[in-house]
Student: 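Here it is, the structure in full.
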Amino acid sequence: MDYFSRRNFLKTAALAGTALAAPAFVRTAAARTTTITIASLLGDNKPETKIWVKIGELVEAKLPGQFRFNIVRNGALGGEKEVAEGVRLGSIQASLSTVSSLSGWAPELQLLDLPFLFRDADHVRRTVSGDVGADLKQKLQAQNFVVGDYINYGARHLLTKEPVTRPEQLKGKRIRVIQSPLHTKLWSAFGTTPIGIPITETYNALATGVADAMDLTKSAYAGFKLYEVVPDMTETGHIWASGVIYYASTFWAGLNDEQKAVFQQASSQGAAYFNQLIVDDEAKSVETALSHGGKLLKPEAFEEWQKGAQAVWADFAPVVGGIDRIKTVQAA
């Protein structure tokens, strides 16, 4: 083989080797990218989805190319209960949830759902940032839910088809509730018939007469267009809807220490971002509801609303750590 032929042969071989090696490199790089399936109940314009876009950006900044966030929107993977089951099984890697919907696995979470316990959002944040919040995180981790941080969906208010401002006006009505013993007990105390219905099925249940009323935050009220079927919102503010950013334990166990630290920090930053989004979104949601025929009402005989709810404290004290723990939280 002469010099030129040998040189051409070596050049061709080198190019061929590079071409063959390139796909292997791409495959290796792709293999390092972990896709995370995340369930969101609402669409792109709502805090429930925006928070995951934010967390994804924060993770990408610290761990470029290592994770791809596949955010499945608009409740396509089911309501909170169905999503939680998916997270436990590992088919869904992360989501948000109200603590109410996770209380079937960790009953102690119902402490955060006790009616008329919290004064405002700051009171809630102090509680979940302290020993109570740390203890509840451990209870959830024992059930294969790893908590990134707590979030606040805002206060829950009563939604009805006809104006209701006094508790006795609820008697005989069928009310959609979160599938939680505490919520069932609360609305039973006012003479209603509670019906557990996933949030993704609530609009149809109200439209067809399966239920007459429900309670929900202002942001979600507009997000699910419920002003079309329950136009009257009575601002009872009876429960502050705490929630969590949470991950599947199987996913979390596969992270190294650096990745865990990044996800933890991103979750905490995401929680602060979400909480502010909710505050901003509530104002827009009320405007939307009012412009589509919704009405805001003030509750009358407020002490009667509180009195009806007090029995819940006594019934759930043994579940959530005792009446002394409830009183400690109340005074915080």
Student: Sequence neighbours excluded, which residues qualify as salt bridge (charged side-chain N to carboxylate O under 4.0 Å, His left out) partners of R68?
Tutor: none

Student: Ignoring hydrogens and geometry, is there a side-chain-to-backbone donor-acceptor pair from R119 to Q330 under 3.5 Å?
Tutor: yes

Student: Counting N and O atoms only, with roles assigned by atom type, does the side chain of N74 sit under 3.5 Å from a partner on the main chain of A76, one being a donor and the other an acceptor?
Tutor: no

Student: Can a donor-acceptor pair be found, under 3.5 Å and without considering hydrogens, that links the side chain of Q110 to the backbone of L182?
Tutor: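 Yes, the answer is positive, given that a donor and an acceptor are paired below the 3.5 Å cut-off.
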
Student: Assigning hydrophobic clusters by single linkage (Ile, Leu, Val, Met, Phe, Trp, Tyr; side-chain heavy-atom cutoff under 4.5 Å), is L102 placed with L96?
Tutor: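 No, L102 does not connect to L96 through the hydrophobic network.
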
Student: What I want to check is whether the side chains of K62 and Q259 have a donor and an acceptor closer together than 3.5 Å.
Tutor: no

Student: With ILVMFWY side chains joined below 4.5 Å, transitively, what does I195's cluster contain besides itself?
Tutor: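 Members other than I195 - counting any ILVMFWY side chain reachable under 4.5 Å - are I197, V210.
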
Student: Find out whether W240 and T127 are in side-chain contact, i.e. whether some heavy atom of one side chain is under 4.5 Å from a heavy atom of the other.
Tutor: no

Student: Take R73 and D44 through the salt bridge (charged side-chain N to carboxylate O under 4.0 Å, His left out) test and state the conclusion after the steps.
Tutor: CA-CA 8 Å; R73 298 154 167 83; D44 288 327; 2.2 Å; yes

Student: Considering only residues two or more places apart or on different chains, which pairs with a residue in residues 310-322 satisfy side chain to side chain donor-acceptor pair (under 3.5 Å)?
Tutor: K185-D315

Student: Between R125 and D149 (salt bridge meaning N to carboxylate O under 4.0 Å), is one present in this structure?
Tutor: yes

Student: Between Q169 (side chain) and V164 (backbone), is there a donor-acceptor pair under 3.5 Å?
Tutor: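 Side chain of Q169 to backbone of V164: no pair is present.
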
Student: Taking side chain as C-beta onward, heavy atoms only, is D212 less than 4.5 Å from V230?
Tutor: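 They are not in side-chain contact.
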
Student: Sub-3.5 Å donor-acceptor pair from the side chain of T192 to the main-chain atoms of W187, do we have one?
Tutor: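 Yes; at least one donor-acceptor contact below 3.5 Å.
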
Student: Could you identify which residues cluster with L58, counting Ile, Leu, Val, Met, Phe, Trp and Tyr as linked when any side-chain heavy atoms lie under 4.5 Å apart, either directly or through a chain of such contacts?
Tutor: none

Student: If you look only at pairs with a residue in residues 270-293, which of them pass as a salt bridge (charged side-chain N to carboxylate O under 4.0 Å, His left out), with sequence neighbours excluded?
Tutor: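 Found K46-D281.
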
Student: Is there a donor-acceptor pair closer than 3.5 Å between any side-chain N or O of R156 and the backbone N or O of H238?
Tutor: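 Side chain of R156 to backbone of H238: no pair is present.
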
Student: Under 4.5 Å between any side-chain heavy atoms of F118 and L114, yes or no?
Tutor: no

Student: What about F67 and I245, same hydrophobic cluster or not, with Ile/Leu/Val/Met/Phe/Trp/Tyr joined at side-chain heavy-atom distances under 4.5 Å?
Tutor: yes

Student: Spell out, as yes or no, whether a donor-acceptor pair under 3.5 Å connects the side chain of S268 to the backbone of Q264.
Tutor: yes

Student: Can you see whether T98 engages E80 through a side-chain donor-acceptor pair at a distance of less than 3.5 angstrom?
Tutor: yes

Student: Considering only heavy atoms from C-beta outward, does the side chain of L159 approach that of D215 to under 4.5 Å?
Tutor: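 Contact flag for L159/D215 side chains = no.
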
Student: Are V83 and F224 connected in the hydrophobic side-chain network, where two residues link if heavy atoms are under 4.5 Å apart?
Tutor: no

Student: Assess, by modelled atom type and distance only, whether the side chains of E228 and Y203 contain a donor and an acceptor separated by less than 3.5 Å.
Tutor: yes

Student: Does D131 CG have over 12 foreign heavy atoms under 6.0 Å away?
Tutor: no

Student: Would you call K173 and L170 a side-chain contact if the rule is heavy atoms closer than 4.5 Å?
Tutor: yes

Student: I'd like to know if the side chain of T49 reaches the main chain of G43, judged simply by a donor and an acceptor atom lying under 3.5 Å from each other, with no hydrogens or angles considered.
Tutor: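 Flag set: sc T49 to bb G43 pair under 3.5 Å.
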
Student: Indicate yes or no: does K298 engage E235 in a salt bridge with an N to O separation below 4.0 Å.
Tutor: yes

Student: Shared ILVMFWY cluster between I38 and L277, side chains joined below 4.5 angstrom?
Tutor: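 Cluster IDs for I38 and L277 differ.
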
Student: Should we count CD of Q143 as having more than 12 external heavy atoms under 6.0 Å?
Tutor: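 For Q143, atom CD is crowded (more than 12 foreign heavy atoms under 6.0 Å).
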
Student: For side-chain contact (heavy atoms from CB on, under 4.5 Å), just list the numbers for V87 and Y246, CA-CA rounded to whole Å, side-chain angles, deciding distance to a tenth of an Å, and then say yes or no.
Tutor: CA-CA 9 Å; V87 170; Y246 71 115; 3.7 Å; yes

Student: List the steps, then state whether side-chain contact (heavy atoms from CB on, under 4.5 Å) holds for N152 with I278.
Tutor: CA-CA 8 Å; N152 191 332; I278 285 290; 5.9 Å; no

Student: Check the side chains of S95 and Y247 for a donor-acceptor pair under 3.5 angstrom, ignoring hydrogens and angles.
Tutor: no

Student: What do you reckon, are the aromatic ring centroids of W305 and F302 less than 6.0 Å apart?
Tutor: no

Student: Look at the side chain of E82 and the backbone N and O of G79, then say whether any donor-acceptor pair between them is shorter than 3.5 Å.
Tutor: yes

Student: Quick one: list whatever passes salt bridge (charged side-chain N to carboxylate O under 4.0 Å, His left out) with K171, sequence neighbours left out.
Tutor: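 Residues passing salt bridge (charged side-chain N to carboxylate O under 4.0 Å, His left out) with K171: none at all.
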
Student: Just wondering, are more than 12 heavy atoms of other shown residues or ligands nearer than 6.0 Å to NZ in K295?
Tutor: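 Yes, NZ of K295 has more than 12 neighbouring heavy atoms, counting only those of other groups under 6.0 Å.
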
Student: Do R176 and T202 have a side chain donor and acceptor closer than 3.5 Å?
Tutor: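 Side-chain D/A pair, R176 to T202: present.
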
Student: Would you tell me whether S100 and H183 have side-chain atoms, one donor and one acceptor, within less than 3.5 Å of each other?
Tutor: yes

Student: When you check the gap from the basic side-chain N to the acidic O, do R325 and D135 get nearer than 4.0 Å?
Tutor: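 The answer is yes: the pair qualifies as a salt bridge.
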
Student: Counting heavy atoms not belonging to D257, are there more than 12 under 6.0 Å from its CG?
Tutor: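 For D257, atom CG is not crowded (no more than 12 foreign heavy atoms under 6.0 Å).
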
Student: Quick one: does any side-chain atom of Y221 pair with a main-chain N or O of S285 as donor and acceptor, under 3.5 Å?
Tutor: no

